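Just so you know, these numbers use all the heavy atoms, side chains as well, and skip hydrogens, waters and symmetry mates. Computed from a prediction, not measured in an experiment: that's the story for all the values here.
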Amino acid sequence: IAQFGQSMLETSAKNKELYARIIAEIDQLSSLITFTLARHKPDLVKVDEDLTTLLKDLVELFRAKIEMAGIKVTCTFPDKAPLVPVYPQLLRQALLNVVQNAVQAMPQGGELEISLIPHPSKVAITIKDTGCGMSPHVFRRAFEPFFTTKETGTGLGLAITKQIIEEVHEGKLRMKSRRGRGTTLSVELPLPSHRTYVPRPESMIESPKSLEAASKQGGRPQAASNA
């Protein structure tokens, strides 16, 4: 709902203030609910998830904003990705927060790189932007609950992401940022000793018509670039 409202805000000047208020209230409510769920660890069930599909869906969710800002997106996924045991709704929210921050950091365009790399005992997700980056002061406080530099921000986005990744999924979250150079956020999630691999769907090779696909030889990860 919030993303729909955001697209309306950007395509119509009428009722702009009302749409902005609705979006801010929905975002705040959503953040508070997610923060509470992650903190109290409700009786959720882990599901073996294909993270390639999850990441692709997140890019599509922000497609309108990406195209409007003129952001170039490069997604690098392996030919075969392991299924990762996760809490789908919580992980999706955690990664959505990161992608949203990256897109918002590049209102005048830039480059967004998203990669998924399997390792023997973990999978690594990297989301890198060439946006405004953070000052040392903001960087030190970036994961503090309710700290924000945005006029309508809740200050819970990265705090929620950190909690979901490190406490709920027992993974690792790392971030690098430099003012004027952009931000890179890396997520590591543990893999079970016995795992299942899924081939990349054809839709990931023959990307949607708005994307341009480029393949590398030798079974290495392949990249799809979106203008």
Side-chain angles (χ1 to χ4, degrees), residues 2-3 5-7 9-10 16 20-21 23-24 26-28 30-32 34-35 38 51 55 58-76 91-117 123-167 169 171-189 221 223-227:
Q3 289 303 316
Q6 185 69 45
S7 65
L9 175 64
E10 293 170 349
K16 185 173 183 179
R21 187 177 302 172
I23 292 167
I26 292 174
D27 284 344
Q28 183 173 23
S30 176
S31 295
L32 288 170
T34 306
F35 189 67
L51 300 188
L55 290 168
L58 287 179
V59 172
E60 290 303 317
L61 181 64
F62 288 95
R63 172 64 54 195
K65 295 193 68 172
I66 287 171
E67 292 180 349
M68 190 169 296
I71 298 171
K72 177 184 177 182
V73 180
T74 302
C75 295
T76 304
L91 182 63
R92 185 179 185 278
Q93 182 63 52
L95 297 177
L96 184 149
N97 293 339
V98 179
V99 175
Q100 178 171 266
N101 283 349
V103 172
Q104 290 177 345
M106 299 182 287
Q108 305 303 319
E111 297 183 10
L112 175 62
E113 299 177 11
I114 300 176
S115 67
L116 172 66
I117 301 176
V123 292
I125 299 170
T126 301
I127 300 173
K128 179 181 180 181
D129 69 68
T130 58
C132 57
M134 303 180 193
S135 67
H137 169 70
V138 172
F139 182 82
R140 285 193 298 269
R141 302 191 61 189
F143 292 104
E144 290 183 18
F146 304 107
F147 173 78
T148 182
T149 60
K150 304 172 185 177
E151 290 184 5
T152 59
T154 63
L156 287 173
L158 286 180
I160 288 173
T161 296
K162 183 178 179 65
Q163 192 167 48
I164 290 174
I165 298 301
E166 296 189 345
E167 296 184 23
H169 287 91
K172 294 181 180 179
L173 180 66
R174 297 184 177 91
M175 185 173 69
K176 297 187 296 183
S177 187
R178 190 172 175 184
R179 192 163 192 171
R181 297 291 184 89
T183 300
T184 300
L185 198 142
S186 301
V187 172
E188 294 180 0
L189 297 172
S225 297
N226 314 305

Over all atoms of both residues, closest heavy-atom pair of [X] and [Y]:
{"X": "Ala69", "Y": "Pro107", "result": "CB-O, 3.8 Å"}
{"X": "Ser135", "Y": "Arg179", "result": "CB-NH1, 3.6 Å"}
{"X": "Thr183", "Y": "Gly133", "result": "OG1-CA, 3.8 Å"}
{"X": "Ala94", "Y": "Ile165", "result": "CB-CD1, 4.3 Å"}

For the [atom1] atom of [X] and the [atom2] atom of [Y], what is their distance to the nearest 0.5 Å?
{"X": "Asn101", "Y": "Leu96", "atom1": "CG", "atom2": "CG", "result": "9.5 Å"}
{"X": "Phe147", "Y": "His137", "atom1": "CZ", "atom2": "NE2", "result": "4.5 Å"}
{"X": "Ile114", "Y": "Leu95", "atom1": "CD1", "atom2": "CG", "result": "9.0 Å"}
{"X": "Lys162", "Y": "Arg174", "atom1": "NZ", "atom2": "CZ", "result": "10.5 Å"}
{"X": "Lys172", "Y": "Glu166", "atom1": "NZ", "atom2": "CD", "result": "9.5 Å"}
{"X": "Cys132", "Y": "Arg181", "atom1": "SG", "atom2": "CZ", "result": "14.0 Å"}

Quiz item: Can any side-chain N or O of Thr130 pair as donor or acceptor with the backbone N or O of Gly110 at less than 3.5 Å?
Solution: no
Practice problem: Please confirm whether the backbone N or O of Leu112 pairs with a side-chain atom of Asp129, one donor and one acceptor, at under 3.5 Å? | Solution: no
Do the side chains of [Y] and [X] get nearer than 4.5 Å, heavy atoms only?
{"X": "Met175", "Y": "Thr161", "answer": "no"}
{"X": "Phe143", "Y": "Leu173", "answer": "yes"}
{"X": "Leu51", "Y": "Leu189", "answer": "yes"}
{"X": "Glu111", "Y": "Met106", "answer": "no"}
{"X": "Gln100", "Y": "Lys65", "answer": "no"}
{"X": "Thr184", "Y": "Thr126", "answer": "yes"}
{"X": "Ile164", "Y": "His169", "answer": "yes"}
{"X": "Asn97", "Y": "Leu158", "answer": "no"}

Practice problem: Check step by step if side chain to side chain contact (heavy atoms under 4.5 Å, CB included) holds for Cys75 and Val59. | Solution: CA-CA 9 Å; Cys75 295; Val59 172; 4.0 Å; yes
Quiz item: Would Thr76 and Ser115 count as having a side-chain donor-acceptor pair, cut-off 3.5 Å?
Solution: no
